[in-house]
Amino acid sequence: MAQHLPDPMTLALAEAAAAAARGEVPVGAVVCGPDGAVLARAGNETETRADASAHAEMLALRAAAAARGAPRLPDCDLFVTLEPCPMCAQAASLFRVRRLVFGAYDPKGGGVEHGARVFAATSCHHRPEVVGGVREGAAQALLRAFFAARR
């Protein structure tokens, strides 16, 4: 009998919701291996850890690399609920992920389709396949609710 693997973006959205419950900006990330199995998942922890680099993507990528005992993840996919910022986009490049899938676009802080456009830079040595707008409405709803509650 075939094993049913959970949808990575659903898991990333769950991580984002958990982050919001902790008072963190609701962003979640999941790293999947070549067979679709989840290697790591995380939500933002910048406030919890008092660490400006503790973005969901950074935490998930580090955990996946540690789980594999390798500094690069060339056959892995990164799923994240929000377009990665320039730091996280560069990390995806440095970890050599195969594919980046994200939910909501981030015109202000994004680094993939907006802002720095890290993968378009001549200094970028690895450009993953990019798929944006996956479950965009659900990701935007989490962000809107989080920031509306703080206004």
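Computation of the quantities below employed the complete heavy-atom set of this structure, encompassing side-chain atoms and omitting hydrogens, waters and symmetry-equivalent molecules. Along the sequence shown, the residues carry numbers beginning at 1.
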Between Asp77 and Arg98, is the salt bridge (charged side-chain N to carboxylate O under 4.0 Å, His left out) condition met? List the steps. CA-CA 6 Å; Asp77 300 329; Arg98 172 177 60 189; 3.0 Å; yes
Would Ser53 and Arg62 satisfy side chain to side chain contact (heavy atoms under 4.5 Å, CB included), going step by step from the backbone distance to the final call? CA-CA 12 Å; Ser53 72; Arg62 289 173 184 154; 3.8 Å; yes
Given Arg22 and Thr48, is the side chain to side chain contact (heavy atoms under 4.5 Å, CB included) satisfied, shown in steps? CA-CA 8 Å; Arg22 294 190 304 271; Thr48 304; 4.2 Å; yes
As a quick check of understanding, evaluate side chain to side chain contact (heavy atoms under 4.5 Å, CB included) for Val80 and Cys88, giving each step before the final call. CA-CA 10 Å; Val80 61; Cys88 294; over 6 Å; no
Step-by-step side chain to side chain contact (heavy atoms under 4.5 Å, CB included) determination, Val25 to Leu143: CA-CA 7 Å; Val25 173; Leu143 289 160; 4.0 Å; yes
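By the 4.5 Å heavy-atom criterion applied to side chains, Arg135 and Leu13 are counted as neighbours. Side-chain contact check for Leu11 versus Phe79: every heavy-atom pair is 4.5 Å or farther apart.
Judged purely by atom type and a 3.5 angstrom limit, Arg127 uses its side chain to pair as donor or acceptor with the backbone of Cys124. Using modelled atom types, one side-chain atom of Ser93 and one backbone atom of His126 make a donor-acceptor pair closer than 3.5 Å. With hydrogens and angles ignored, the 3.5 Å screen pairs no side-chain donor or acceptor of Glu57 with any backbone N or O of Ala91. For the pair His55 (side chain) and Ala52 (backbone), a donor-acceptor distance under 3.5 Å is present. Checked by atom type and distance alone, the side chain of Glu113 never pairs as donor or acceptor with a backbone atom of Glu83 at under 3.5 Å. Side chain of Thr81 to backbone of Gly28: a donor-acceptor contact under 3.5 angstrom is found.
In the hydrophobic cluster analysis, where Ile, Leu, Val, Met, Phe, Trp and Tyr join through side-chain heavy atoms closer than 4.5 angstrom, Leu61 is grouped apart from Leu59. In the hydrophobic clustering of ILVMFWY residues, with side-chain heavy atoms under 4.5 Å counting as a link, Val97 and Val112 come out together. Hydrophobic clustering places Tyr105 together with Val118 (ILVMFWY residues linked when any side-chain heavy atoms are closer than 4.5 Å, directly or through intermediates). Hydrophobic clustering, with ILVMFWY side chains joined whenever heavy atoms are under 4.5 angstrom apart, keeps Val134 apart from Val31. Phe102 is connected to Phe95 through a chain of hydrophobic side-chain contacts under 4.5 Å among Ile, Leu, Val, Met, Phe, Trp and Tyr, so both are in one cluster.
Distance check, rounded to the nearest 0.5 Å: SG of Cys32 to CE of Met9 gives 10.0 Å. Between the CG atom of Leu142 and the CZ atom of Arg144 there is a distance of 11.0 Å, given to the nearest 0.5 Å. Taking NE2 of His114 as the start and CG of Asp106 as the end, the distance is 8.0 Å to the nearest 0.5 Å. The CE atom of Met87 lies 5.0 Å from the CE atom of Met58; values are rounded to the nearest 0.5 Å.
The pair Asp75-Arg68 meets the salt-bridge criterion, with a side-chain N (NZ, NE, NH1 or NH2) lying under 4.0 Å from an Asp/Glu carboxylate O.
For Ala40 against Ala63, the heavy-atom pair with the smallest separation is CB-CB, 3.7 Å. Residues Pro26 and Ala19 approach most closely at CA-CB, 4.3 Å, considering heavy atoms. For Cys76 against Leu39, the heavy-atom pair with the smallest separation is SG-CD1, 3.6 Å. Gly111 and Ala89 get closest at one heavy-atom pair: O-CB, 4.0 Å. Ala104 approaches Gln140 most closely through the heavy-atom pair CB-CG, 3.7 Å. Minimum interatomic distance between Ala14 and Arg41 (heavy atoms only, all atoms of both residues): CB-NH2, 4.3 Å.
The closest side-chain donor-acceptor pair between Thr46 and Asn44, if any, does not fall under 3.5 angstrom.
For the pair Arg150 and Phe146, the cation-pi test (distance below 6.0 Å, angle within 45°) is passed.
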